Amino acid sequence: MNSVALPAIVGLSSGLLLFLLASGLTLTFGVMGIVNFAHGGFFMIGAYTAFELTSGDGGLGVAQFAMGVVAAAVVTAAIGLVLERLVFARLYATSPIYTLLATYALLLMAQGAVVMKWGRLPQSAPLPDGLSGSVDLGSLSVPVYNLVCIAVAAVVAVGLFAVVYRTRLGLEARAIAMDRSMASALGIRFRLVYAVLFTLGVFLAGLAGAMQAPLTQLTPSLAHAYVVMGFAIVVIGGLGSVTGTLVASLVVGVTNAFAVSFAPDISGYAVYAVLVVVLVVWPGGLLSRGAPVVDLH
Amino acid sequence: MSTFTERLRRHGGTIGLIVIVLLLDVLALSQAGGSVERQLFVGNVMIQVIFVGSVGYLYRIVGVASFGQAIFYGGAAYTVGLAAPHVGSSTLLLLIGVGAATIAAAVVGLFIFRVPGLSFAILTLALGESLFVLARRERWTGGDTGLFGFGAGRLFGLDISTPGAFVASMVVFTSLGMLLLWWLEYSRFGVVLRAIRSSDRRAAALGAGIRTYRYAGFVVAGAVSGVCGSLYALLWNLVSPDILQWSTSGDPIIMTLIGGMGSIVGPVIGCVAFLYLVDIASAITDQWELWVGTILLVVILAAPRGVVGLVDDAVSRVLRRKEEAHRVR
């Protein structure tokens with residue numbers, strides 16, 4: 001029983017963090033039709049910024065750590081907003097293959113910037129003493145930080161669903177996703193919606209990176225690893241569906257955790273195995289609702 | 001005057017290709033006697049131009065976006081490495097590598113019609129990544145070190161046993177490879193694919209088997225990638241997991257874009273430009289990602305049609321001015 005419960009909790013924790021990452025990809029893809037490879041770069045910048053802000057001399061308090069994580073997400077979002085104005089705003093009119101390559105260029109630049117600032121060697125971000133222990137749930141000893149991640153990510157995920165389905169911004173975004181020219185004709189300022197949504201997505205990526213930082217080794221290849229993971233999740237979930245992205249994130253997170261516990265030999269392939277199986281059985285992804293199919297040309 | 005412009009437009013690709021292949025051949029022959037380091041670099045350029053040409057072909061003519069051509073390129077190279085202890089002939093090794101890549105492309109290609117374009121691209125990326133993980137992890141693939149010592153001898157009768165000899169022989173192989181790419185583009189096969197690309201319904205109405213042609217186009221592009229991967233293994237005499245990394249799939253797309261997506265010469269020009277750029281950048285700085293990324297972004301924002309697009313625009317402008325001058329008179 002316990003041998004199943006622990007990977008399930010760890011998987012839930014990493015799955016929810018993956019959702020924070022992948023939901024931004026789903027929003028930019030579903031609403032703006034942009035295949036944003038730079039998203040992995042934002043995740044990485046969030047992770048390294050949190051590392052920079054939290055790894056000082058002496059003991060690290062829980063409040064200090066929390067502020068570091070939030071500050072890292074805000075810094076990342078600010079970088080995202082600037083890039084939206086400078087680069088992405090020029091890309092909305094061009095063909096998807098060019099936006100893809102432009103965002104790929106940004107990914108390379110983010111990697112280069114990280115190499116310049118922190119080097120290529122792996123770094124590890126610290127956890128505050130208050131979060132590094134375990135707590136006993138019945139006979140099970142669960143790492144506190146995983147529970148914190150579950151709680152925080154779940155709250156943020158609920159907030160995101162509320163934004164998408166319960167606010168005027170979400171309504172306008174969904175209208176744009178359905179038919180941009182019609183939405184625009186009805187007076188929706190799609191450029192503004194794009195900028196807000198994009199920044200929101202980048203904030204979530206930065207937050208996911210900052211929270212993931214203590215759980216992983218920080219290297220400049222983080223950006224690529226996580227953007228591939230994110231896109232795999234978006235594709236598994238059914239392109240452009242936020243609910244599908246949530247389901248897919250949890251499936252991937254839990255599968256990964258179980259693979260690490262029970263079949264470490266194949267754990268590196270878990271995501272790809274899920275991807276191939278899903279695409280063979282449901283070619284459109286788990287929850288595709290006639291989502292926009294972007295032809296990459 | 002306009003007929004001249006039209007003719008130039010129609011044959012611009014072919015003329016450009018001939019000029020570039022001749023320049024490459026001169027480059028290869030001039031380097032064949034240089035240092036081993038330069039021989040390996042130029043030999044690599046001679047292989048990459050075909051590989052990138054095949055990726056450009058896949059995007060531009062077949063109309064399939066793949067992020068995983070490393071599967072076929074690296075897969076063929078590893079097949080050569082794994083078969084080398086059992087096979088003496090380099091020619092046979094190359095054929096085995098190409099065979100493996102073709103089979104892989106025939107399997108992966110089945111997904112083209114099943115899943116949406118972006119899903120297919122991500123699927124190929126994921127398959128490439130899992131091969132990368134596999135190659136690094138397993139003992140029989142040599143782990144992080146990879147495989148080495150293939151004892152290259154003669155390829156279709158031409159000496160490739162040393163880097164210098166390889167580069168000299170590549171004059172023949174690269175020229176043939178370019179001829180193949182040219183044929184794939186301008187033959188009936190290429191014309192039908194282009195017709196499908198511009199309007200699949202109209203092409204279907206004219207009687208073209210859309211699925212068969214696109215599938216065949218994808219498999220052919222994979223097979224050409226396999227040729228290049230096998231040549232790579234024979235040139236370097238080693239194969240390491242790096243060859244399966246995402247950059248093997250991603251770089252050719254970047255090169256295609258730098259050169260220009262719109263014509264057959266674009267990928268070739270982009271490839272040569274990119275390889276020299278990275279060569280120079282990595283000699284000067286450790287930060288090549290930053291520089292390559294910046295240059296790429298500038299190219300996309302300033303010249304979305306690449307180097308060929310810039311040349312094309314300039315030529316058109318000159319011709320138009322002449323035409324107008326003519327009319328005024």
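The figures that follow rest on heavy atoms only: side chains count, while hydrogens, waters and symmetry mates do not. It should be emphasised that the depicted structure is a prediction, and the values quoted were computed from it without experimental measurement. Numbered from 1 within each chain, the chains take letters A, B, ... in sequence-line order.
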Stepwise ring-ring contact (aromatic ring centres under 6.0 Å, His included) test for Tyr194(A) and Phe198(A)
CA-CA 6 Å; Tyr194(A) 280 4; Phe198(A) 187 85; 9.6 Å; no
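- Heavy-atom pairs under 4.5 Å with chain B peak, among Leu101(A), Val87(A), Val235(A), at Leu101(A).
- Heavy atoms closer than 4.5 Å to chain A are found in the side chain of Phe111(B), but not in its backbone.
- More than 12 heavy atoms of other residues, nucleotides or ligands lie within 6.0 Å of CZ in Arg114(B), so this atom counts as buried by the packing criterion.
- Using a 4.5 Å cut-off between heavy atoms, Leu301(B) contacts chain A through its side chain alone, with no backbone atom that close.
- With 3.5 Å as the limit, one finds no donor-acceptor pair spanning the side chains of Thr245(A) and Ser23(A).
- Only the side chain of Leu257(B) comes within less than 4.5 Å of a heavy atom of chain A; its backbone N, CA, C and O stay farther away.
- Proximity to chain A (any heavy atom under 4.5 Å) is shown, for Gln245(B), by neither the backbone nor the side chain.
- Ring-centre distance between Phe218(B) and Phe120(B): below the 6.0 Å cut-off.
- Using a 4.5 Å cut-off between heavy atoms, Ile122(B) touches chain A through backbone and side chain atoms alike.
- Heavy-atom neighbours of Arg202(B) CZ from other residues, nucleotides or ligands within 6.0 Å: at or below the threshold of 12.
- Checked by atom type, the side-chain pair Thr219(A)/Ser221(A) shows a donor-acceptor distance below 3.5 Å.
- With a 4.5 Å cut-off on non-hydrogen atoms, Leu91(A) touches chain B through its side chain but not through its backbone.
- Looking at Leu290(B), both its backbone and its side chain come within 4.5 Å of chain A, counting heavy atoms on both sides.
- Counting non-hydrogen atoms of other residues, nucleotides and ligands closer than 6.0 Å to CH2 of Trp291(B) gives a total of 12 or fewer.
- Looking at Leu127(B), only its side chain comes within 4.5 Å of chain A, counting heavy atoms on both sides.
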Which is it for Phe37(A) and Phe231(A) under the ring-ring contact (aromatic ring centres under 6.0 Å, His included) test, yes or no, and what are the steps along the way?
CA-CA 9 Å; Phe37(A) 265 84; Phe231(A) 268 118; 5.2 Å; yes
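- The contact between Tyr269(A) and chain B is made entirely by side chain atoms (from C-beta outward), counting heavy-atom distances below 4.5 Å.
- Between chain B and the options Val276(A), Ile236(A), Leu108(A), Leu107(A), the largest number of non-hydrogen pairs under 4.5 Å is found for Leu108(A).
- Counting only distance, with no hydrogens or angles, the side chain of Ser130(B) and the backbone of Ala126(B) share a donor-acceptor pair below 3.5 Å.
- When the candidates Ile253(B), Val292(B), Ile295(B) are compared by the number of heavy-atom contacts under 4.5 Å with chain A, Ile253(B) comes out ahead.
- For chain B, no part of Val114(A) is nearby; none of its heavy atoms comes within less than 4.5 Å.
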